[in-house]
Amino acid sequence: MAVELLLLLLLCGSTISEMQPIHKSPPGTLDFGFVPVKTYDTHAYYEPGPIGILFSIVHSFLYVVQPNSFPQEVIRKLAQQKFGNIQNDYQKPENVVLTLQAIYYEIGFIICAALGLLFVLLLPLVGLCFCMCRCCDNCGGEMHQRQKKNADCRRGCFATFLFVTSLIISIGVLCAYAANQHLTDQVRGAKHLMYSNFKDLRIFLNDTPGQIDYLVSQYNTTKEKVLSDLNNVGPLLGFRVQEQLGKEVRPALDAALAMAGAIRETKEALENVSVSVEVLQEGTERLHANLTDVKAHLSNTLNDSACSAPQVASTCNMIRNSLHQLNINANYSGLPSVNLQLAKVNDVLKIDLSSLVQKGYTAFNDTPDLVMNQTRNILSDIQNVLESVGSNITSFTKSLPVEKIIADFTMYLSQSEAYVQDYFPVVEQYDFYRWLVCLILCCMVILILVFYYLGLLCGTCGYDRHASPTTRGCVSNTGGNFLMAGVGFSFIFSWVLMIVVVVTFVTGGNVEKLVCEPFEDKTLFKVFDTPYLLNQHWKNYLSGILLKNPDINLTFEKVYSDCKENKGIYTSLHLESLFNINEFLNISMYTEEVSLKIEHININLSGIILLDAPGRQNLLNFSSSGVDGINFAAYLTEINKSITKVDLLSFANDLEARADQLPRGALENALKGHANSIRTIHDQQVIPLEQAMSTLNRSIRLLQKTSSELMEKVKNVINAVNAAQLLINNNASLVIVQETKKYMDMIIGYFEQYVNWVKESVTMDVAACKPIANVIDTAVDIFLCSYVTDSVNTFWFGLGGCSIFLIPAIIFAVKLSKYYRRMDTEDVYDDVETIPMKNMENGNNGYHKEHLYGIHNPVMTSSVEQW
């Protein structure tokens, strides 16, 4: 039933998660949020506190007793071996080997248990023999103490040894009591831990349907994104198609638009050439006339009689010889006219080529709208498919009996919790009985310790070193009696204590070594995962129990590890092996249908006209306008010449400098006047002509550049436009198919994202089985091992130490009591001890008897009175 719940809870996620991706193009990223996951209250971790030091010491002792590693193979073979009632089965070689291997592993426990049992058997027997021996005045039972020189030293050593031994026993009984109380406290606190686990299991059951609903609801995110992209098919698919076609179309249109600009620039350049030539021709004529007048006036001035003087004649001759430089250098009257070419270009410009190219741009930029208009019928079909997928997912999840199964398991969980509530007081009651028994055992040891400590206290405080053994005080004698009482109780209780120690040692030690330690390193799970171990017909027991299929590789170790990491129960239990995706939620079928719908998108772009026939003819007319027939060499020849043969400013400055060399007078003033006239001519006529010549230079060079291979350039532009138009008309379908495929991949990619997200969520988040691992950890690691086993082991460790140290305590107490108790007789020697008769008078063997000398002895008196 548990498996059915888990399977049905995760059915939607499991069917989706097995779907293999169909397309590989990376789509836009969708945000599905986070699966709602609640925090569990149980923290399956236990920190023992200060008593953990004792636990560590016990673990170290157990490692010394049993250092062997966990016997996986031996346990497997023992579990698989069938021992019958026939004696021959036990005598088979393989069974003998297994027995020897088990004994070898348990040899430490066997030796310790054997020593404990030997202690149990021998100590009461020794005590009985000891009592009988003392009754016969042997074994220290004779109330006579021989005088020895080192008596004080022996008494002090025995007292010290007994005190140290008693301290060790006290530490042991404190450890036993602490372990006993710790176990009781933890059992009482286990109630809260169990309720916490039940609460987590309820959260686990109650939240799983909500997590599945969240996974199903996030399909709407995918659907909305797909519908949004489908509604924006124009901007998305249209722009993709436009971008691919634009690699050919835009350069062609840009070239045509550039040629339209070149036509306008050519017209402006031709107009500038025509105007500049006219300005230069008229200006040079006026300049030539003015320069001629200036030369005539200069000649007249130089012909004056003042120039015949010897001191100025040479200067006048130099000026006269330079007059021929005042002349026009360039001849613009012979330049050819460009009016014919200008008229043809004006005819070309009657058709606005730029406007025609812009129409082509506009038509091409309308591709997204064209795609949108031609795909409206497909969008409704795809939307119907998406709605069908969503309704199928919803109907399928509603058909699952999740609520019934959750109710059944909740009822089972409630019954279990009620069972725990009913029987936990019984557990506490029995734990109280256990605590009481352990307390009585500790009190036994404490009673012995009380006698020992009282004996030491009374004996030490009441001892008088000057008193003879027969005259010792009452306090000292009482101390000796306390010690002997402790010895008696030691013989009475020690075998009972050792029986408890042996039983708890064998039980607790083996639980620690065979359960707790292998559980911690997970080797215990490897034993359970042994094929055909727990069921001889099943290879994998866990999958056979849960999934009804023992061939599925489902192991205890893997399930526990996955749940420990809080993975989803779908991953932990390998639920994917029970379901076929296509039987429940075949999303691949729907995505295939969506793909077919998208692939049948038929987009016709033949209505896009980049450049019509008048525009192409306009380009051809421009190429035949005759611009390339202009005599650019003639223009450049004249342009490269200066306006005048000499720079008029330089000539005027030289003329004025020579005038300054002349004597002051009319000749000097006349020459300076001519220099100023030349400067005026330069400023008013030469500078405008130079500006006109600069304009002519720029225009001619622009025309030369434009006209260079003009026919070839126009043909290239027309060919590029024709090629782009041909691509749109004939080959656009291939581009559309390619871009439609990418668009389809993007749409299908949203489904893949949803599937992958569901798979990851089901694997890690949905029905995270941490509570199951917590239950196992609580039951085994915390309760059985940390609470019970560690406490029991510490109890027998402390109690066993007490029992062992009772033996030396008995010896020291018996020896020490002789120095504290009042004796009946003592050794008395005369000054001349060599006289035998004197010794004989004092008693047999020189013993001194108090009644012979009239010394009152209460013990002897009472004995005589009784007799």
Side-chain angles (χ1 to χ4, degrees), residues 54-123 179 495 497-536 539 541 555-557 560 780-781 784-786 788-801 803-804 807:
L54 296 178
F55 293 167
S56 300
I57 295 174
V58 175
H59 291 165
S60 300
F61 177 77
L62 287 175
Y63 178 77
V64 174
V65 174
Q66 175 53 280
N68 300 322
S69 60
F70 182 67
Q72 299 184 38
E73 294 299 325
V74 175
I75 293 179
R76 289 192 183 101
K77 292 178 181 179
L78 288 174
Q80 293 173 345
Q81 190 68 36
K82 293 183 177 180
F83 295 98
N85 295 324
I86 302 176
Q87 186 176 1
N88 293 332
D89 290 341
Y90 295 93
Q91 295 177 352
K92 291 180 179 180
E94 59 273 15
N95 295 338
V96 174
V97 171
L98 280 177
T99 304
L100 293 176
Q101 289 177 342
I103 293 174
Y104 175 76
Y105 176 78
E106 292 286 339
I107 190 65
F109 288 104
I110 293 174
I111 293 175
C112 292
L115 293 175
L117 293 177
L118 188 63
F119 182 96
V120 171
L121 295 176
L122 292 182
L123 201 63
W495 66 277
L497 298 176
M498 186 54 68
I499 289 176
V500 175
V501 169
V502 170
V503 173
T504 53
F505 165 72
V506 173
T507 304
N510 279 284
V511 170
E512 175 66 28
K513 302 300 290 188
L514 296 177
V515 177
C516 297
E517 289 185 2
F519 176 82
E520 185 176 357
D521 58 15
K522 301 179 184 178
T523 54
L524 185 63
F525 295 110
K526 295 180 180 179
V527 176
F528 292 148
D529 292 331
T530 302
Y532 309 105
L533 178 67
L534 302 179
N535 189 316
Q536 61 180 348
K539 181 179 179 181
Y541 181 79
T555 62
F556 287 96
E557 181 182 7
Y560 174 77
V780 179
D781 186 42
L784 176 61
C785 295
S786 298
V788 178
T789 303
D790 284 344
S791 299
V792 170
N793 288 338
T794 305
F795 179 79
W796 64 250
F797 183 76
L799 201 61
S803 302
I804 296 298
I807 295 176

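Numbering starts at 1 and runs along the sequence shown. Quantities reported herein were computed from a predicted structural model and do not represent experimental measurements.
A donor-acceptor contact shorter than 3.5 Å links the side chain of Thr504 to the backbone of Val501. A donor-acceptor pair under 3.5 Å is absent between the side-chain atoms of Thr523 and the main chain of Phe519, judged by distance alone. Between the side chain of Thr789 and the main chain of Val511, no donor-acceptor pair closer than 3.5 Å is present. A distance-only check finds a donor-acceptor pair linking the side chain of Asp529 to the backbone of Glu557 [under 3.5 Å].
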> Run the side chain to side chain contact (heavy atoms under 4.5 Å, CB included) check on Glu106 and Leu514 step by step: do they pass?
Replying inline: CA-CA 11 Å; Glu106 292 286 339; Leu514 296 177; 4.0 Å; yes

>> Applying side chain to side chain contact (heavy atoms under 4.5 Å, CB included) to Leu122 and Trp495, what does each step give before you reach the verdict?
In response: CA-CA 9 Å; Leu122 292 182; Trp495 66 277; over 6 Å; no

> Phe61 and Ile57: side chain to side chain contact (heavy atoms under 4.5 Å, CB included), yes or no, with the steps?
Replying inline: CA-CA 6 Å; Phe61 177 77; Ile57 295 174; 5.7 Å; no

> Hey, mind stepping through Phe556 and Tyr541 against side chain to side chain contact (heavy atoms under 4.5 Å, CB included) and telling me if it holds?
Replying inline: CA-CA 9 Å; Phe556 287 96; Tyr541 181 79; 4.0 Å; yes

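The closest side-chain heavy-atom distance from Asp521 to Phe70 is not below 4.5 Å. Between Ser791 and Phe55 the shortest side-chain heavy-atom distance falls below 4.5 Å.
Contact detail for Tyr104 and Asn68: the closest heavy-atom pair is O-ND2, 3.7 Å. For the pair Ser803 and Met498, the tightest heavy-atom approach, listed with the atom from each and the gap, is CB-CE, 3.5 Å. Annotation for Val506 and Ala113: closest pair CG2-CB, 3.9 Å, computed over non-hydrogen atoms. Considering all non-hydrogen atoms of both residues, Val65 and Phe109 come closest at CG1-N, 3.8 Å. In plain terms, the two heavy atoms of Gly509 and Asn793 that are nearest each other are N-OD1, 3.4 Å. Residues Val74 and Gln101 approach most closely at CG2-OE1, 3.6 Å, considering heavy atoms.
Atom CD of Glu512 is separated from atom CZ of Phe505 by 12.0 Å, given to the nearest 0.5 angstrom. Going from atom SG of Cys516 over to atom CG of Asn510 covers 11.0 Å, rounded to the nearest 0.5 Å. Once rounded to the nearest 0.5 Å, the distance linking CG of Leu497 with CG of Leu799 reads 5.0 Å. Interatomic distance, Ile107 CD1 to Ile103 CD1, rounded to the nearest 0.5 Å: 7.5 Å.
Atom CD of Glu520 sits in a sparse spot, with 12 or fewer heavy atoms from other residues, nucleotides or ligands closer than 6.0 Å.
Taking the centre of each ring, Phe525 and Tyr560 come in below the 6.0 Å mark.
Side chain to side chain, Asp790 and His59 meet the donor-acceptor criterion of an N or O pair below 3.5 Å.
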